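Inspection log for the structure reproduced underneath, given as structure tokens.
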There are 2 protein chains.
Amino acid sequence: MRDILHIQKKLVPDLVQVMEKRYKILHRIFVAGTMGRRSLAASLDLTERTLRAELDLLREQGLLDAGTSGVTLSEAGRRLLEELEPLVKELFGLSELEEAVRLKFGLRKVVIVAGDSDESDDVKREIGRAGSRVLAQSMEPGDIVAVMGGTTMARMAAHLKVSAPMKDNWFVPARGGLGESVDYQANTIASELAKRTGARYRMLHVPDHLSEDAYQSIMQEPNVREVVDMIRSARIVVHGIGDAATMARRRKLSQETIDELIRDGALAEAFGYYFDREGRVVHRMVTAGLRLEDIEAAGTVIGLAGGRSKGEAIASVMRFGHDDVLVTDEAAAEEALRRA
Amino acid sequence: MRDILHIQKKLVPDLVQVMEKRYKILHRIFVAGTMGRRSLAASLDLTERTLRAELDLLREQGLLDAGTSGVTLSEAGRRLLEELEPLVKELFGLSELEEAVRLKFGLRKVVIVAGDSDESDDVKREIGRAGSRVLAQSMEPGDIVAVMGGTTMARMAAHLKVSAPMKDNWFVPARGGLGESVDYQANTIASELAKRTGARYRMLHVPDHLSEDAYQSIMQEPNVREVVDMIRSARIVVHGIGDAATMARRRKLSQETIDELIRDGALAEAFGYYFDREGRVVHRMVTAGLRLEDIEAAGTVIGLAGGRSKGEAIASVMRFGHDDVLVTDEAAAEEALRRA
DNA sequence: GATAGCTGGACGCTTTATGTCCCGCCACAC
DNA sequence: GTGTGGCGGGACATAAAGCGTCCAGCTATC
């Protein structure tokens, strides 16, 4: 059953939303018995006109009747609702989950794709696609977008598609190199995104693991300085979320540092910071780029991550509380809620 | 599984249509391997621009790729199509059936509702509803509509709904009384239809089973004459279809006549005429009203009938060849095709 | 008999969809 | 190598649909 919807959603992406909207209308009318258009519109948070279009359609389908004192479910409508009831949870589970996660972490928007990234590459791809849509919707002319690295980010970049060239937008890497494969570096991703959108980009070449002296002197370089300033004024930040242990290993942190992270209860990593269960910052990478205050100042911070194994890390970063939008998958969302 | 498709047809019929369109596009591309937009548009009977909007969306969904020599299904697209195949029949089966019936009998339009009228009153109601929609779509200002009697016609009348009053339309009974319950007489139905649409109507009171003399003299009556002239110039004719034996009994024909009908192979009845298997007229009722030549002259002839038991009769009347639109149910349509 | 709340009609504005044309490009045939 | 037909994709004016808003007429209820 689930499959069917999954298939249909590919063909008609907003199928479920529409079904949900109509279900809610029918359900509301069922509960109220008889109800007028205005009060119905108010209680469903629809405008009178759009509701009316829906009501006309539903009546056309013979699901409801309009009397002089409001609309009522017809016999067929009641029967449909009854058949629909057991499917509701499965049908709209994701949007309910989205809402639950949104409220739990006080986010502006949550997008959840079906499945578990840990188990299927399709789901990973879907997160990338969903993320790219969110980014495209969020961008406005003139915006500077700072992006992090990682495979999820790379996938997001690969799916971004815009209708019109964004000639006066900039993409910048949120931080210097991360010692990863070049495909997954923030620099690469920023340039890829710029290429795909017709926007401009700047790169930031600052090696990891610099001594304090070397760091200070490289920061004096005018063109490094310039890029860093741009990064710090980014209006949109897009980042992946990792679990602390994996990230520490990938970044080849010293055993000493890793021990320290463990002692401090570091669970999650995002934009170069490590967070404990409560969302407190317990460690930060020493490298040029985005600072916490820049994150706070950014208008839109978008987090991308999926897979049940990342649920805890996601919960931790969300508790940190400066993300606005989360794009994840079903398994991770459930896990994050459970941990929170 | 079947439930959900069933529900969707009721709740989101518009989206089901969209799904069908997109399925057809994918399917066509799959068959062709790779295909250009223009030739695709031509073969699917869509305009280039609308097709393009669909293609953009499907590509957005990752279902197809656009190369230099046309569009091709992506791996995901092929997979989707494969998964979709078993659903196609259930989802769009009726429209394929509609098309098959349409071609078989050379009709302008065929509307089929799911189910079997013999088994469920809901299906009968649906035929009425569908018929009323067809009629509303067919009517244009100034049109005279001639209607027959019968329960199906009565149900159709009960569901007719128009957006604007049809002040300059007329409804007339196609024939005089049929000796049935008053609710199902053509006169009653014509007046009901007029009341529901804001149109005007005329009645025709000519008893069945008149002697030739009485018939001739009643036809001299100016106001009978007037109504008959109107009937004969109807631009739209709506009629039910019955099987010959049942109708003969209902009309209390003499045993002699019934024997004659049987001998001549009468199978079906419509607008007062009896037809054999090949659609030839084998008998006609002697009463005032629509003649065969008026049927032939009418712009739109709409036939309504459902139930597997009527399949053969429907096939017979359709072979007669002067209907333009058929509204029926799934079982009757299958049976009619089988018999033809 | 007054009143509140209902449906359905109307209308102008905004957004979206659509028809149409064109350009540069690539593959293929010659 | 070169010509050519068909391709995708951009552009744009226009038609159509969607939507917010208001109103008339009606009816149930107090």
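Below, chain A is the first sequence line, B the second, and so on; all start at residue 1. These values consider heavy atoms only, across backbone and side chains, with no hydrogens, waters or symmetry-generated copies. The structure displayed is predicted, hence computed values, not measured ones.
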Smallest separation among heavy atoms of [X] and [Y], with atom names:
{"X": "B:Val16", "Y": "B:Phe92", "value": "O-CE2, 3.7 Å"}
{"X": "A:Ile189", "Y": "A:Ala157", "value": "CG2-CB, 4.0 Å"}
{"X": "B:Leu160", "Y": "B:Ala136", "value": "CD1-CB, 4.1 Å"}

Inset, instruction - Mind grabbing the angle between the end helix axes of the helix from C:dG1-D:dC30 to C:dC30-D:dG1? Five pairs an end, 10° rounding. - result: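 Answer rounded to 10°: the end axes differ by 30°.
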Whole-Å gap separating [atom2] ([N]) and [atom1] ([X]):
{"X": "B:Leu46", "N": "C:dA17", "atom1": "CG", "atom2": "C1'", "value": "14 Å"}
{"X": "A:Leu40", "N": "C:dG8", "atom1": "CG", "atom2": "P", "value": "13 Å"}
{"X": "A:Asp14", "N": "C:dT16", "atom1": "CG", "atom2": "P", "value": "14 Å"}

Inset, instruction - Using a cut-off of 6.0 Å, state whether more than 12 heavy atoms not belonging to A:Lys24 lie near its atom NZ. - result: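 Atom NZ in A:Lys24 is not packed in, count stays at 12 or less.
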Inset, instruction - Report, as yes or no, whether the 6.0 Å neighbourhood of atom CD on B:Gln137 holds more than 12 heavy atoms from other residues, nucleotides or ligands. - result: yes
Residue list, side chain to side chain donor-acceptor pair (under 3.5 Å) with [X], at least two apart or on another chain:
{"X": "B:Arg37", "value": "B:Glu48"}
{"X": "B:Asp56", "value": "B:Arg59"}
{"X": "B:Arg202", "value": "B:Glu226"}

Any N/O pairs under 3.5 Å between the protein and nucleotides 28-30 of chain C? List them or say none.
none

What residues form a side chain to side chain contact (heavy atoms under 4.5 Å, CB included) with [X], not counting sequence neighbours?
{"X": "B:Ala32", "value": "B:Met35"}
{"X": "B:Arg129", "value": "B:Glu126, B:Arg133, B:His159"}
{"X": "A:Glu54", "value": "A:Lys21, A:Arg22, A:Ile25"}
{"X": "B:Glu75", "value": "B:Arg78, B:Arg79"}

Inset, instruction - Under 4.0 Å from any atom of DNA chain D, heavy atoms only: list the residues of residues 56-74 of chain A that qualify, in numerical order. - result: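 By residue number: A:Thr68.
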Inset, instruction - Apply ring pair (Phe, Tyr, Trp, His ring centres under 6.0 Å) to A:Tyr201 and list each qualifying residue two or more places apart in sequence or on a separate chain. - result: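 If we apply the ring pair (Phe, Tyr, Trp, His ring centres under 6.0 Å) test to A:Tyr201, skipping adjacent residues, there are no hits.
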Inset, instruction - Indicate for each nucleotide in nucleotides 18-24 of chain D, in 5' to 3' sequence, whether protein heavy atoms under 4.0 Å reach the base (B), only the sugar-phosphate (S), or nothing (-). - result: -BBBBB-
